[in-house]
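Structure first, then comments.
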Amino acid sequence: MITLIAILPALMKPELSFSSHAPTFDFEYQKAFAIGIGGNQNPEKLKPKWRILPDYYMLIEDQQLIFDAKYYVNLDKLNYKQLVYGLLLGEGKRAIGINTVNMLFAPTDGATRSGEHVSLLPEFVPSDRKVRIDIRWLNVNEMLNSFV
C-alpha cells in the first residue's frame with residue numbers, strides 16, 4: 001500500500017495547501033487487473049494471461065482513482081498507457097455506477113495547478129461517459145517543506 005497525504009480532498013481544486021496533519025489514504029501500488037486470456041489455451045483451463053498494472057489505484061465507495069506520478073514536467077505528448085487504464089477500468093460491466101478519476105501528477109517549480117491532459121471526443125468514447133485524464137502539477141518546494 002502507498003499512502004497519499006493531503007491531496008485527495010483538493011484534487012479538483014486549483015488551489016492546494018499541503019499539510020502534515022491531513023488525513024491519509026492507502027493506495028494499492030501496481031494493483032494487477034486481469035484483462036484477457038491467451039488464444040491457444042484449453043477452454044476447460046482458461047486462465048487470465050494479460051493484465052494491467054496501474055501505478056496507483058484506489059476504490060473508495062463509488063469513486064475509483066487511477067494515478068500515475070511523472071518525474072518530468074513536459075507532458076505535451078499523449079500518455080497512451082494512462083488513457084488505456086482509464087478506458088479498461090472506467091468502462092464495461094466492472095465500472096457500472098463507478099466514477100473514474102484518471103490523473104497524472106508532475107513536479108513543477110511554479111505554482112501548484114491543475115489542467116487537462118486529454119479529453120476524448122465523443123465519437124471515440126465507447127459509452128456516453130466522458131473519458132479524460134487530468135494533470136496536477138505539484139510545487140516540489142511546497143511538498144518538501146510540508147513533509148520533511
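- With a 4.5 Å cut-off on side-chain heavy atoms, Val131 and Leu83 count as touching.
- Each of Asp68, Val118, Asp134, Ile66 was scored for a side-chain contact (heavy atoms from CB on, under 4.5 Å) with Leu104, with one residue passing: Asp68.
- When side chains are defined from C-beta on, Leu65 does not count as touching Met103, because their heavy atoms never get closer than 4.5 Å.
- In this structure, Gln64 contributes its side chain and Leu89 its backbone to a donor-acceptor pair below 3.5 Å.
- Listed for the Asn102 side chain is a donor-acceptor partner under 3.5 Å among the backbone atoms of Gln82.
- Residues Ile52 and Tyr85 come closest through the heavy atom pair CB-CE2, 3.7 Å.
- Tyr80 is connected to Leu120 through a chain of hydrophobic side-chain contacts under 4.5 Å among Ile, Leu, Val, Met, Phe, Trp and Tyr, so both are in one cluster.
- When the side chains of ILVMFWY residues are joined at heavy-atom separations under 4.5 Å, either directly or via intervening members, Phe105 and Ile60 end up in a single hydrophobic cluster.
- Other residues, nucleotides and ligands contribute at most 12 non-hydrogen atoms within 6.0 Å of the CD atom of Glu61.
- Distance alone, capped at 3.5 Å, is enough to place a donor-acceptor pair between the Asn139 side chain and the Asp109 backbone.
- Remark: Arg136 CZ to Thr112 OG1 distance equals 6.5 Å, nearest 0.5 Å.
- Between Asn74 and Tyr72, the shortest heavy-atom distance links the atoms O-CD1, 3.4 Å.
- Taking the side chain as every heavy atom from C-beta outward, Asp62 and Asn99 never approach each other to under 4.5 Å.
- With ring centers used as reference points, Phe33 lies under 6.0 Å from Tyr57.
- No donor-acceptor distance shorter than 3.5 angstrom exists from the side chain of Tyr71 to the backbone of Pro107, with no hydrogens or angles considered.
- For the atom pair CG (Leu87) and CD1 (Ile133), the distance works out to 8.0 Å, reported to the nearest 0.5 Å.
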